[in-house]
Amino acid sequence: EKKRKQAEIERKRAEVRARMEEASKAKKAKKGFMTPERKKKLRLLLRKKAAEELKKEQERKAAERRRIIEERCGKPKLIDDANEAELQTVCTAYQSRIEKLEGDKYDLEVIERIKAQEIADLNSQVNDLRGKFLKPTLKKVSKYENKFAKLQKKAAEFNFRNQLKVVKKKEFTLEEEDKEPKKSEKAEWQTKK
């Protein structure tokens, strides 16, 4: 009976050991695919691929830029060995090209302004239909600013009136009046002593 119990215990241990080994193999199979080494290699490859794509994109953009510049400006003219007449023809060609481009630029700017105005009008119409109205932006004004302005205005008027009473300019008096003081004035200042 002891042997039978011992054999049964060992059989159970073997079953548990086999189950644990299977579970660890399954874990390793799941985990083992992306080991740290593989992750590192994959990152390196991705970086290299991204760098290559960036370089290709930059080359593509540079080629496109060169093509557009050649299209807009034309091929460079050889003017090193040119005489005066050839230089004048080149200059007139460039001048006419510049005038044409400036005209096109002005036309595009006008069209852009018109379209911006139309967009603003349509937006306001849409907001009106929805019942939403744009609130105008208000300036921040102090409560007391208006009172201060009134007080300063009153003070300025008061000072102006005082200055009118006090100031006596001799520009507007006649020369004869300056020379001869009036009898009543003479009497007043003599009597005040």
Side-chain angles (χ1 to χ4, degrees), residues 1-81 90-91 93-149:
E1 203 172 299
K2 280 185 180 180
K3 285 184 182 180
R4 193 171 44 91
K5 283 184 182 180
Q6 193 78 16
E8 195 174 318
I9 292 172
E10 283 186 30
R11 186 180 53 82
K12 285 183 181 179
R13 281 184 187 166
E15 283 178 22
V16 170
R17 207 176 287 136
R19 267 191 271 139
M20 287 183 73
E21 285 178 10
E22 286 176 27
S24 66
K25 283 181 184 179
K27 282 183 183 177
K28 283 183 182 178
K30 288 180 185 175
K31 231 182 195 181
F33 178 71
M34 285 302 283
T35 60
E37 294 169 10
R38 281 188 175 178
K39 285 182 184 177
K40 204 172 190 179
K41 285 180 183 178
L42 186 63
R43 285 188 192 128
L44 254 170
L45 289 172
L46 286 172
R47 283 189 198 133
K48 284 181 183 178
K49 184 74 173 169
E52 288 173 7
E53 289 294 322
L54 260 173
K55 199 171 185 179
K56 284 179 184 177
E57 184 67 26
Q58 286 175 348
E59 288 173 359
R60 205 175 307 124
K61 283 183 180 178
E64 182 72 16
R65 185 171 183 267
R66 282 192 298 271
R67 186 188 63 77
I68 289 173
I69 288 173
E70 285 179 9
E71 180 183 303
R72 288 184 183 169
C73 299
K75 298 280 184 185
K77 310 278 192 243
L78 297 174
I79 56 172
D80 294 336
D81 298 331
V90 169
C91 288
Y94 279 140
Q95 180 66 27
S96 63
R97 186 181 185 105
I98 289 170
E99 288 172 359
K100 181 183 174 282
L101 290 174
E102 284 294 325
D104 293 345
K105 177 185 165 191
Y106 178 77
D107 293 343
L108 290 173
E109 286 173 353
V110 168
I111 290 169
E112 190 268 334
R113 269 189 254 128
I114 291 170
K115 292 206 178 195
Q117 184 63 36
E118 287 175 1
I119 289 170
D121 290 343
L122 289 172
N123 281 337
S124 65
Q125 288 175 2
V126 167
N127 286 334
D128 288 347
L129 289 173
R130 286 183 184 166
K132 294 181 181 177
F133 301 99
L134 295 175
K135 294 179 183 176
T137 54
L138 301 174
K139 294 180 183 176
K140 290 185 179 180
V141 179
S142 173
K143 286 184 188 176
Y144 307 104
E145 187 174 326
N146 198 14
K147 292 179 183 176
F148 288 135

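Side chains are part of it too, since the values below use all heavy atoms of this structure and drop only hydrogens, waters and symmetry mates.
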*Output the distance between atom NZ (K48) and atom CG (L45), rounded to the nearest 0.5 Å.*
6.5 Å
_Can you tell me how far apart CD (E8) and CD (E10) are? Round to the nearest 0.5 Å._
11.5 Å
*Give a yes or no on whether a salt bridge exists between E21 and R17, defined as a side-chain N under 4.0 angstrom from a carboxylate O.*
no
*With rounding to the nearest 0.5 Å, note down the distance linking CD1 in I68 to CZ in R66.*
11.5 Å
_Regarding D121 and Q125, do their side chains bring together a donor and an acceptor under 3.5 Å, going by distance alone?_
no
*Take K100 and D104 through the side-chain contact (heavy atoms from CB on, under 4.5 Å) test and state the conclusion after the steps.*
CA-CA 6 Å; K100 181 183 174 282; D104 293 345; 3.6 Å; yes
*Would you mind reporting whether Q58 and K61 have side-chain heavy atoms less than 4.5 Å apart?*
no
_Counting only heavy atoms not in R65 (residues, nucleotides, ligands), do more than 12 fall under 6.0 Å from its CZ?_
no
*Can we say R67 and E71 salt-bridge, meaning some charged N sits less than 4.0 Å from an Asp/Glu carboxylate O?*
yes
_From R60 atom CZ to K56 atom NZ, the distance as rounded to the nearest 0.5 Å_ = 8.0 Å
*If you round to the nearest 0.5 Å, how far is CG of D128 from CG of N123?*
11.0 Å
*Rounded distance [0.5 Å steps], CZ in R4 versus CZ in R11*: 11.0 Å
